[in-house]
Amino acid sequence: MVTLTIDGTEVEAPAGTLIIRAAEQAGIRIPRFCDHPLLKPVAACRQCLVDVGTPDRDGNLRMMPKPQPSCAIEVSPGMVVNTQHTSAVALKAQTGVMEFLLINHPLDCPICDKGGECPLQNQAMTEGEPDSRFHGAKRVYKKPMRLTTQILLDRDRCILCQRCVRFAKEIPGDAFLDLQGRGGGSSPEDHHHFMGEQVGTFDAEVLDFFVEGVAGPERTDISGPYGREGIISSVYSGPEKKSDKDMAGRTFASYFSGNIIQICPVGALTSATYRFRARPFDLVSTPSVAEHDASGSAVRIDVRRAEVTRKLSGNDPQVNEEWITDKDRFAFPWYKQQDRLSLPLVREDGKLVSTSWSDALDRAAKGLAKAAKGNGVGLLPGGRSAFEDAWAWSKFARVVLGTNNVDSRWRRQSDEELGFLGAHVAGRGLGVTYEDVQKSGTALLVAFEAEDECGSLFLRLRKGLSAGTVKVATIAPLLSRGSEKLDAQLIAARPGDEVAAVDAIAEDGAHADLFKGLADGGVILVGERAAQTPGLFAALERLCSRTGAKIAWVPRRSGDRGSVDAGLLPNLLPFGRPVADAEARDSLGWGALPAAEGLTATQMLKAGAEGRLDALVIGGIDLRDWEDPAAARDAIEKTSFVVALEVRNTEVTSLADVVFPVAPPVEKNGTFINWEGRLRPFGQSIASRTMPDREVLGMLASELGIDLGVESLNHVYAEVNPLMSWRGARTKTEADPESGSAAVPDDKFVLASHKVMVGLGRMLDGADDLRLSARRVVALVSKKSLESLAIAGDSQVEISGPRGTLTVPIEAAEVADGTVWLPECSTGEGINQDLAPAGGHVTITPAREVAQ
């Protein structure tokens, strides 16, 4: 600890603490703009200048000749700091800096999106002079500049604090903008000729350089507040590969770019969807949780006139700190599209028609009761339910319908995975945490792409990498962009060959350093796609036994972990209780429960199609996520009776006999359980008459003469809390018999894939600006494979599989030989429907030329 004096008060702070942090701990406020606790100090804005003195070698206090930036100097023993509260020198310096910052800043606070929550406004009142001595023309720029499809930059307002630049470089590792130029520019001219210092991207309209064949920058369809014509940025950036571009033709920016809007201390960076739509005092804010992945990231939902106008990152140091993905920030209009369900639907004469709740409940109850007495009912609730809804699904299946035919895994699955989830995930509570991963020393990713599948976890890995507290390795068919930014060691494995790659990690093998790192407190992060490879979960268990490493399962959907804990699996009751264990069944207090394990989702679809299952209850699924969407569609259509619980009309609702509208997360209270096992409660942001799944299932149970006990959250928690701890028998991971990939013919490639963060998912509907910022769809193969095809990079190729053909560009990348990678759901109806499932065999041929 270091002892120093701030404004006459003796303060103790850990060595290495910045003066500005030590002052905060003592309750002393120092104004600042560029300083941010999660970014490295840069001392760019100079607003935090203070008077500083330190003892010389003889112990005499010597004040520094000029005020110093408190955000960039660490405390030292005996240091004396006088802030603006006690030093006229510091006050004059801060007032001067504020006057300088306001010289070129436009006086447009009444129409600025930051108005009302602007640090510059606040500090201009506290540290600024009442009058300005500057009466010349202010510097102006064409505005706004469209940096990406969803981010607009008003350069007039920028105070060059570089928060945005530093965030992009330090946090996600996407250096998509930078500080450029020198000096103040040639005000009031629009042409600055490299002189005006400004933030922007590296392209023609920012730097004013010549681009052959381009007459001038394109104009944006969004004008500035004064009617000035805006310009489009990130277009003229020089030659780039197609994979470097987004769907709008710009250079791809980042999956985390929206954070720069929130941390900008002025109104320079604004959101295209929120711009000019509201003021802070118009909004009602509700703390909430990310609904798009299993990160559990804290968010804040701002509502005006019963509509969500924006989402911001919440501050949770244990989870997402202050960062969220662009998907969490911008993809919120999905629930209010024109196909939103508002009334129950029933099938009459082959068509779905609106009806009353009492009629729909009566028909559903009679249909399910008949099916339960016949061949039985299957439940497919999907993986996006809040825990309370998942609990209702689980109890409804066992208590009301008397079946264990329930499976939330609407994706590729395996029996081996069921054993692994019961042994290592269900009911385990808070296991491996974000901080554990950040400081683990070594993290091995298996069947998991952190940047695409759990953005907040990717940022923690990046933070650990920057701090030198973690090294990353990945077993995957390609070195993805995210893995490159994590400086990850790639253990290349074609789909199906991952088991051999895991078993090869040994103390005296080719990956001895990785083995040693895992043995020294390392962590293994395994994704849900591990279920695609028989034997992989068992191989990971063997690796954990050899090294003593911790293992964590990181699913992709927000409700996946909560669904496992609630027992939405055919072999598990809530919190890891095996269905086959009599003591486990009795411990729930639900009465006599079926002892036989139920059908998996795959088996339910097959049984429904063959008439061996009389009814399906389905909620929150997208057929494109299934391995064979056409087969799933056909199975649902052939099932005698189908009940659907959905927010919007889908392919499933079009096949259902009874459809119940249910509430999206923004219209209900509930809890998500994130990948760590951490409870993440969220509040209701918008008043709504639409009921959550829990209430609909409760009413349906009442129609069948059973009180489900889920009418309120208090009733649910009173039942759940005593049951969360289970110390009895557990399932075991039993490896599926088949292992290794099948032989690949010489003229074919193995198809590898995963879902990228921004694709064609239904929860991105309405977020058009976000979708346009997605990466271009490009097929990736190894350099060796590309040479064997005799096809030039960036050429168009036809990739053909058993279900169809896709025409896409092709490029060389770090991919396992004999493998081609494509995003799973980013083009057409997704590769599962239009081409082949991951692991399938495809052919690649040059695209046929089409006459113009």
So, [X] side chain and [Y] main chain: donor-acceptor pair closer than 3.5 Å or not?
| X | Y | answer |
| --- | --- | --- |
| Asn404 | Leu599 | no |
| Asp634 | Ala631 | no |
| His511 | Ala504 | no |
| Ser753 | Leu822 | yes |
| Arg680 | Asn674 | no |
| Glu416 | Ala538 | yes |
| Asp581 | Ala584 | yes |
| Arg776 | Asp246 | yes |
| Gln603 | Thr600 | yes |
| Asn320 | Ser456 | no |

Pair [X]-[Y], side-chain donor/acceptor within less than 3.5 Å:
| X | Y | value |
| --- | --- | --- |
| Ser788 | Ser785 | no |
| Thr533 | Glu498 | yes |
| Gln438 | Arg462 | no |
| Thr325 | Asp328 | yes |
| Thr251 | Glu240 | yes |
| Ser558 | Glu291 | no |

Before you tell me yes or no, could you show the steps for Glu449 and Ser480 under side-chain hydrogen bond (donor to acceptor under 3.5 Å, both in side chains), namely the whole-Å CA-CA distance, both residues' side-chain angles and the distance that decides it to 0.1 Å?
CA-CA 8 Å; Glu449 290 295 338; Ser480 64; 2.6 Å; yes
Looking at [atom1] of [X] and [atom2] of [Y], how far apart are the two atoms once the value is rounded to the nearest 0.5 Å?
| X | Y | atom1 | atom2 | result |
| --- | --- | --- | --- | --- |
| Arg412 | Thr602 | CZ | OG1 | 10.0 Å |
| Ser795 | Glu811 | OG | CD | 10.0 Å |
| Leu569 | Arg409 | CG | CZ | 6.0 Å |
| Leu789 | Ile810 | CG | CD1 | 5.5 Å |

If you compare all heavy atoms of [X] against all heavy atoms of [Y], which two are closest, and at what distance to 0.1 Å?
| X | Y | answer |
| --- | --- | --- |
| Glu417 | Glu528 | OE2-O, 4.3 Å |
| Leu380 | Ala601 | CD2-CB, 3.6 Å |
| Thr819 | Pro477 | CG2-CB, 4.2 Å |
| Leu490 | Leu478 | CD1-O, 3.7 Å |

Does [X] have more than 12 heavy atoms from other residues, nucleotides or ligands lying within 6.0 Å of its [atom1]?
| X | atom1 | value |
| --- | --- | --- |
| Glu507 | CD | no |
| Lys463 | NZ | yes |
| Lys485 | NZ | yes |
| Glu484 | CD | yes |

Is it true that the NZ or CZ of Arg775 lies under 6.0 Å from the centre of Phe252's six-membered ring and within 45 degrees of the ring axis?
yes
Show, in sequence, the C-alpha distance, side-chain angles and deciding distance for Phe448 and Trp553, and conclude whether the ring-ring contact (aromatic ring centres under 6.0 Å, His included) test is met.
CA-CA 9 Å; Phe448 174 57; Trp553 181 65; over 10 Å; no
Ring centres of Trp410 and Trp626 under 6.0 Å apart?
yes
Within the 6.0 Å centroid threshold, strictly below: Phe458 and Trp323
no
Does the pair [X]/[Y] count as a salt bridge with the N-to-O cut at 4.0 Å?
| X | Y | answer |
| --- | --- | --- |
| Asp503 | Arg542 | yes |
| Asp244 | Arg481 | yes |
| Lys516 | Asp513 | no |

Consider side chain to side chain donor-acceptor pair (under 3.5 Å). Of His754, Arg556, Lys755, which one does Asp452 pass it with?
His754
Could you go through Leu379 and Leu616, starting from their C-alpha distance and side-chain angles, then the distance that decides it, and tell me whether this counts as side-chain contact (heavy atoms from CB on, under 4.5 Å)?
CA-CA 6 Å; Leu379 294 92; Leu616 290 172; over 6 Å; no
Between Gln796 and Thr807, does the side-chain hydrogen bond (donor to acceptor under 3.5 Å, both in side chains) criterion hold? Intermediate values first, please.
CA-CA 7 Å; Gln796 294 285 114; Thr807 302; 6.0 Å; no
